[in-house]
Each structure stands twice: as C-alpha cells, then as structure tokens.
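Report on one structure; see the data block that follows.
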Amino acid sequence: MSDRSFDGLRDVQLWRTFLAAYRHGSVSAAARALGVAQSSVTTQLQALERTVGWPLFERHARGIRPTAGADELAGRIAGPFDALAEAVGARPDAPAVRVRVGGASEFLAAVAIPALAPLVADGMLMTAMAGLADELLDRLRNGELDVVVSAVRPRGRTLPAIPLFDEEFALVASPRRGIHPSAELRANDVDGHPLLAYAHDLPILRRFWRHSFGIRLERKAALVASDLRALAAAAVAGAGVTVLPTYLISQELADGRLVDLRPSEDPPINTVFLVRRPGPVTPAVALIERTLREATKAL
C-alpha cells in the first residue's frame, strides 16, 4: 500500500538512489556510485516502491530492468535532480572539462549543435562526434564519449538510457514529381518513381512500406547516400521519392519544396534515446542532457 501522505520530499535520498539504480541498471553498480552497501540500495528501492504503490524495477540475472512507470518517473525527476546537483556542486574555480557528445551527423547538425551552441559560447568545452549508433555506443562503453543520442537502445543496463523523443517519418518528394498526396496513397502509386535510400538494404524505406502499406518493399534504390541531408537535397531537386524524419525536413515541408505524400495520424516512429557513460553525473553532462531534452520537446 502506498503512503498517500508522502509529498515526494520527505526523503530525497530515496529518489537519488532510484535515479542511480535506473541509470546504472544494477543494484551493485548503483551502490558503488553512491558509496553505500548493496543492501542499503535494495532497502531504499523497496521503500520507494511501497511509497509510490507499484513496482519500479523487474529483477533479472544481469541486473534490474525499469518498468514503464520507472521510465516515466525518471524522465520527470532527472532534470530537477541534475539541476540541483549542478547548483550545489558547481565550484566557480573548477577547471573546465571537455564534454564529448556523440550522435548521428544529421541530428547533430540540425538539433544538437544549435541547441548546445550557447553553452559553448558561455565557456563550455565540447567535442561532437558523428557516427552510427552501435559505433557510438561502443565508444561510450570504452569511455571515449560522455553522452550519446542514439536511435538504438543499448543492450543490457550497463549504459544508462532514457527516451529522448520519438522521430516521425514521412514519405516525401518534390511537387515536381506530380504525385498527388493522399492518406490513401498506395505503394503502386509511387512505383514509377526512383527511390532514394540511406543504405543499399533500404532500412528506412522498408520499414515505411511495412508500416504504412503493409507489404514488403522489393525494389532497389536509384540513389544511395549515407546522409539523410543529402537525400533531402536530392528529393528537393526532384530526383525521386524517399522517407525522412520530419524534424530534418520541417522547413522544406513548410515552404513546399517537399510534399508529405501519405499524411497520417499513425506515421512510423522510432524512439531516440539519451545515453550516457556510467558513473556520477557531472554538472556539465547534466546541463547538456537538460538542454537536449528541452530542444527535442517540440520535435
């Protein structure tokens, strides 16, 4: 039974322990990060579960897995807790530490770098590294990066990860292609138009065909370019049809250079995660995480 008189502030330590367990993915790792015994972490998590009235974690052989309720709680309290840690822990005389951020090149250019630029202007030292998700997560595990924005959730719980935003995908082309946009558009309505793809196996296109048309895509790409911005430019130039995340082409859709060929209230989506290196959250990393969460709210 939950403690309904609990206002969330009676024991801040419980919430600190919850965040440590959530981010580290195991009781033992959380205990090491907090400098306490594993039994203490277990006791505090059990106390918090009694307080909220539902389970926060599922126990398994390799650690703990957060429930959907824990994901929601972590998303709500991580920012305020990190801000508090930054406020009470920052030292004016502390030397600047370079923070290393990884992500897809398109996301870095369109969202992350513009959002983080004011932090650099205020004196933060930062390195931004572009790459594929699996490569960046390996670099995170090896300690070469501090924060990664990843379209792939890391396996296991060694890397703390929270959902950042859901990217939506749209089938688009230049209006010059002469394709009539319709929520009832069928796959054969674009059969005579070249396909523009991110990779030879057409991963994004195949997913759209499966989700929106309910069929397997069997065609080959006319153009393969491993940069979504290049695909957008090719589509604007009239080269053919492609599928792109809407955040990347919002301006092109707004000014009519690209047309959403199959507008839908149920577009294909992909959850993008904010992943960080295990260990205590530094003030600089907390500030970057908070900034990225704010920047992606409207995406």
Side-chain angles (χ1 to χ4, degrees), residues 1-85 133-134 136-137 140-141 147-168 211 266 268-281 285-286 288-290 292-294 296-297 299:
M1 176 181 254
S2 63
D3 180 355
R4 300 301 179 188
S5 67
F6 183 67
D7 67 359
L9 297 175
R10 184 175 61 192
D11 193 347
V12 174
Q13 181 60 39
L14 294 184
W15 294 109
R16 181 168 178 256
T17 299
F18 161 71
L19 273 182
Y22 183 90
R23 285 169 162 165
H24 289 275
S26 78
V27 171
S28 58
R32 287 194 299 270
L34 296 170
V36 299
Q38 291 187 39
S39 58
S40 178
V41 172
T42 299
T43 299
Q44 291 185 44
L45 291 178
Q46 291 172 343
L48 191 55
E49 287 178 329
R50 288 194 299 271
T51 295
V52 299
W54 33 264
L56 294 170
F57 298 99
E58 298 172 354
R59 277 69 179 175
H60 61 96
R62 292 184 297 174
I64 52 177
R65 183 179 296 113
T67 62
D71 284 334
E72 181 184 357
L73 267 179
R76 290 166 55 190
I77 71 172
F81 257 81
D82 291 342
L84 177 61
D134 288 339
L136 295 173
L137 292 176
L140 199 64
R141 291 185 184 94
V147 180
V148 167
V149 178
S150 172
V152 175
R153 183 164 194 162
R155 301 183 191 90
R157 290 292 164 183
T158 57
L159 294 177
I162 59 172
L164 183 60
F165 74 102
D166 288 333
E167 54 180 353
E168 299 182 358
H211 177 93
D266 179 33
I269 64 171
N270 184 58
T271 300
V272 176
F273 295 91
L274 188 62
V275 192
R276 66 169 182 80
R277 190 158 55 94
V281 181
V285 168
I288 285 177
E289 289 185 347
R290 189 164 67 253
L292 291 176
R293 283 195 296 267
E294 287 296 320
T296 53
K297 279 183 177 178
L299 296 183

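Here the shortest heavy-atom pairing between Asp71 and Tyr22 reads OD1-OH, 2.6 Å. Pairing each heavy atom of Arg153 with each of Pro66, the nearest pair is NH2-CG, 4.4 Å. Considering every non-hydrogen atom in both Val152 and Ala133, the closest pair reads CG2-CB, 3.7 Å.
Side-chain contact between Leu48 and Thr17 is absent, with no heavy-atom pair separated by less than 4.5 Å. The shortest distance between side-chain heavy atoms of Arg293 and Glu289 falls below 4.5 Å. Looking at Phe18 and Ile77, their side chains come closer than 4.5 Å, going by heavy atoms from C-beta outward.
To the nearest 0.5 Å, atoms CG (Asn270) and CD (Glu168) are separated by 11.5 Å. Note that CZ of Arg59 is 7.0 Å distant from OG1 of Thr42, once rounded to the nearest 0.5 Å. Put simply, CZ on Arg141 and CG on Leu159 are 5.0 Å apart, with the number rounded to the nearest 0.5 Å. Distance check: Ile269 CD1 to His211 NE2 gives 8.0 Å after rounding to the nearest 0.5 Å. From Thr296, atom OG1 reaches atom CZ of Phe165 across 6.5 Å, with rounding to the nearest 0.5 Å. We find the CD-OG1 distance between Glu72 and Thr67 to be 9.5 Å, quoted to the nearest 0.5 Å.
Remark: the backbone N or O of Leu56 is paired with a side-chain donor or acceptor of Glu49 at under 3.5 angstrom.
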Verify side-chain contact (heavy atoms from CB on, under 4.5 Å) between Val149 and Leu274, making sure each step is shown before the conclusion. CA-CA 5 Å; Val149 178; Leu274 188 62; 4.0 Å; yes

